[in-house]
Amino acid sequence: MGRALAPLPVNPTFLSLFLLLLHLISPFQPVEALGFQFSTFDPSADYGALEVKSPALIYNDALQLTPDSSSGTVDFMNKSGRILYKQGFKLWDGPPEAPTKIASFNASFVINIFRINNGTPGEGLAFIVAPDLNLPAGSFGGYLGLTNATTDGQTSNHLLAVEFDTFKQDYDPDANHIGLDINSVESNQTVPLADHGFDLAPNHTVFFHVWIEYDGGQELLEVYMIDEDESTPTKPKPASPIMTASLDMSKVVNQNSYFGFAASTGDNVELNCVLGWNMTVEELPKGTPAGLVIGLAVGISAAALAVAGVAALGVWAWRRRAAARDPNIVGTLKSLPGMPREFKFKDLKMATGNFDEGNKLGQGGFGVVYKGVLAAENRQVAVKKFSRDELKSKDDFLAELTIINRLRHRHLVPLLGWCHQTGMLLLVYDYMPNGSLDGHIFCGPERQTLEWSHRYKIVAGVGCALHYLHEEFDQIVLHRDLKASNIMLDSNFNARLGDFGLARAIDDEKNSYAELEGVPGTIGYIAPECLHTGKATRESDIFGFGAVILEVVCGKHPWRRAGFDGFQFLADWVWSLHRDGRILEAVDGRLGGDYAVEEARRLLLLGLACSHPIAAERPKMPAIVQIRSGSMEVPRVPPFKPAFVWPSAGLLSEDGDTTDVTPMTSSSRFGSGWRSRDVSKESDAGYNDSSPV
Ligand SMILES: *[C@@H]1O[C@H](CO)[C@@H](O)[C@H](O)[C@H]1NC(C)=O
Ligand SMILES: *[C@@H]1O[C@H](CO)[C@@H](O)[C@H](O)[C@H]1NC(C)=O
Ligand SMILES: *[C@@H]1O[C@H](CO)[C@@H](O)[C@H](O)[C@H]1NC(C)=O
Ligand SMILES: *[C@@H]1O[C@H](CO)[C@@H](O)[C@H](O)[C@H]1NC(C)=O
Ligand SMILES: *[C@@H]1O[C@H](CO)[C@@H](O)[C@H](O)[C@H]1NC(C)=O
Ligand SMILES: *[C@@H]1O[C@H](CO)[C@@H](O)[C@H](O)[C@H]1NC(C)=O
């Protein structure tokens, strides 16, 4: 074809897989911690970092979650408040039903609950892990600022709390206990404090120093506490916890969650104060520049990594107010061919309800996508707001804009325009009413599963889009992030390859997107050679496409911690069924047998061929399009999955070194059904029906 294929930088998700592998093979794990410390609270500085939901306030060097006697508020009764750290934390990694890693965190804080005028205290205070920065209406009284009469007990609260309860409700053991609350004020587990000689709200001033330690690996939550005479903690952490709970946090909280406190009063009142607060949260792998990934992959030993990965704890500085409008960006935009439409910030702000949480469609490493309605045109749009730090956001924004701006294809999500004002970087896309593909194939029973004709059409559409990117456009464009969550569906269930990047769909009651946040199923979409080269190629895109084909037909994620009948990867499981001559058993059972047998067989075999461990053996897009449509023979897939050999033909390292052949196979259980090959003689002829595939 005569076009040079310049490898694009590595997909940041490669790092997570690499770290996972490292985790599996090595006793050393790099530990990075994020966090913050408040030794006291200062109203002149800390409103920047903390979201303070009225009537809560920062006063007297403390967080006052409900009105404080000296704040001038006369009415203490029936109040609830929350104060949260504004920056969210990523608390787990991987697909929601099979997280690959759950973050550990440690919180330590000092609280003071003060009964007023020796009255009966009420109601209590709680440390919370919340999905957003909101305070539910009507969360006073027994709801502790956690839930309300409507929402209490709903799993959609995504709320985890450790409560310090001073008032006995019907469901409480007493008026002086701590409890673990999951989405509800009815605790899952309680510990009466009288047994430990503690009174949360005695008739004199007592401070409690509390440590909440969550170990994501062990899925274990521990609470330690001790009474202090003064607000400054001096006593050491007790040797044993006062409460221990086994807890898979990923089943409860959102992938991106916020830490903070909530409290309430009812007919009985008290002061609910927090006087100091430290947090450390284990940092889960995010994106990393290509150079680093490659460097890690080839150079640094696991031990050296562990030494390098010394826990870093830092107080976050408030984000500097971004420059209003960067002349470099505007310059670059002006030089783009057929410069796309510029939107006014105020129009987009109005369209998205000031970027309201309720309009959020998806969120990822690079930004958040909101649904909006442009009032003047009565047009629905998806607005992507870039949210990494200023510098990275500029790069993310320009990278996405310069590529997508030139692409025009009926199976790509169309870009409408951009906006760069008040330091914000926004891209505006056509809104896709049916959300993303993963929301339809990994849905629960509440949503009807995609019928076969839609599934077939979707695979065809994605194939078309990929053919355009790889073969038709005047440059080779690599998508690098093919997966179900990046495939959007228009009103007729036509696939549109989305360029929402790492942002992905969510689904709560409010909209039609999948409930889940974050980047699912990264593992399983990555071609094995990418771990060695750190480079994306058309072949690696095709590997990702193979994973998408299999997930659409099987209705399963490409990788699952729990495995598929003992296979970690969906492709390996399908391959085993193929070997046993029962490949159709891989078809999604939810279809109830209602599918076209020949189409399904063809797609499954095509999916396997694209999953070939040797890059050069994977079919190329022109052949894939023909195979999919039935105008070319289905590839002959060997009964045993071939072993992966490195270096693979067509992917020789820069210096052409072929001596360092490291066999790596995820299917050794198959035995050596595939002869080892002289890779240096491998042709790069692409997919060829007479090849042994
Ligand atoms: C507080 O709320 C309770 C229950 O909703 C209500 O009965 C009571 O009158 C309220 N008290 C005040 C002072 O608003
Ligand atoms: C939490 O504290 C324990 C010891 O108290 C420590 O082993 C662990 O590494 C800490 N975790 C984090 C995320 O800081
Ligand atoms: C927070 O950490 C600092 C420094 O380690 C320590 O002095 C302080 O007592 C801690 N505060 C709390 C509430 O644990
Ligand atoms: C409970 O909170 C939700 C969300 O804030 C709100 O929509 C609802 O109206 C509240 N219900 C009551 C009874 O206050
Ligand atoms: C305990 O937590 C689970 C969620 O993990 C919830 O479904 C269950 O209802 C809770 N039990 C009680 C007694 O609150
Ligand atoms: C404070 O409480 C203690 C026991 O809890 C009690 O003996 C004492 O009388 C109380 N003091 C006042 C002033 O109420």
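Both counts, for ligands and for their atoms, begin at 1 and track the order of listing. Only a predicted model underlies this, so the values are computations on that prediction, with no experimental measurement involved.
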Subject >> Sub-4.0 Å atoms of ligand 4 with respect to non-hydrogen atoms of Pro136 >> reply: 5 (O)
Original post:
Judged by non-hydrogen atoms, does Ser39 sit under 4.0 Å from ligand 3?
Top reply: no
Original post:
What's the spacing between Gln421 CD and Leu348 CG if we round to 0.5 Å?
Top reply: 8.5 Å
Original post:
Which of these passes ring-ring contact (aromatic ring centres under 6.0 Å, His included) with Phe259: Phe105, Tyr85, Phe109?
Top reply: Phe105
**OP:** Using a strict cut-off of 4.0 Å, indicate which atoms of ligand 1 neighbour a heavy atom of Phe140.
**Re:** 2 (O), 5 (O)
**OP:** Flag atom 11 (N) of ligand 1 as yes if some protein heavy-atom distance to it falls below 4.0 Å, otherwise no.
**Re:** yes
Subject >> Contacting atoms of ligand 3, where contact means under 4.0 angstrom from a heavy atom of His209 >> reply: 12 (C), 13 (C), 14 (O)
Subject >> Ligand-side contact atoms (ligand 3) for residue partner Asn278, heavy atom cut-off under 4.0 Å >> reply: 1 (C), 2 (O), 3 (C), 8 (C), 10 (C), 11 (N), 12 (C), 14 (O)
**OP:** Output yes when Lys237 and Glu213 qualify as a salt bridge under the 4.0 Å nitrogen-oxygen rule, no when they do not.
**Re:** yes
Subject >> Phe345 ring center near Phe343 ring center (under 6.0 Å) >> reply: no
Original post:
With a 4.0 Å cut-off, strictly under, does atom 7 (O) of ligand 3 pick up any protein heavy atom?
Top reply: no
Subject >> Ring center gap for Phe36 and Trp277 short of 6.0 angstrom >> reply: yes
Original post:
Hey, what do you get for CG (Leu160) to CG (Asn254), rounding to the nearest 0.5 Å?
Top reply: 12.0 Å
**OP:** Measure Ser108 to ligand 3 on non-hydrogen atoms and call it side chain, backbone, both or neither using the 4.0 Å cut-off.
**Re:** both
**OP:** Please indicate, with yes or no, if any protein heavy atom is found under 4.0 Å from atom 1 (C) of ligand 4?
**Re:** yes
**OP:** Hey, can you tell me if Phe198 and Phe208 have their rings parallel, tilted or perpendicular (30° and 60° cut-offs)?
**Re:** perpendicular
**OP:** For atom 14 (O) of ligand 1, find the nearest protein heavy atom and state the residue, atom name and distance (0.1 Å precision).
**Re:** Asn78 ND2, 3.2 Å
Subject >> 4.5 Å side-chain heavy-atom contact, Met225 and Ile212 >> reply: no
Subject >> Per-atom contacts, ligand 3 versus Pro233 - under 4.0 Å to a heavy atom >> reply: 9 (O)
Subject >> Numbering as shown, the atoms of ligand 3 that approach Gln37 to under 4.0 Å (heavy-atom distance) >> reply: 2 (O), 3 (C), 4 (C)
Subject >> Donor-acceptor pair between Glu163 and His177 side chains, under 3.5 angstrom >> reply: yes
Subject >> Protein heavy-atom partner closest to atom 3 (C) of ligand 4 - residue, atom, separation in Å >> reply: Asn148 ND2, 3.5 Å
Original post:
Rounded to the nearest 0.5 Å, what separation is found between the CD1 atom of Ile242 and the CD atom of Glu222?
Top reply: 12.5 Å
Subject >> Under 4.0 Å to a heavy atom of Asp267 - the qualifying atoms of ligand 1, by number >> reply: 1 (C), 8 (C), 10 (C), 11 (N)
**OP:** Starting from atom 13 (C) of ligand 4, find the nearest protein heavy-atom neighbour and note its residue, name and distance.
**Re:** Thr150 OG1, 3.2 Å
**OP:** Identify, by atom number and element, the atoms of ligand 4 in contact range of Ala137, meaning under 4.0 Å from any of its heavy atoms.
**Re:** 1 (C), 2 (O), 5 (O), 10 (C), 14 (O)
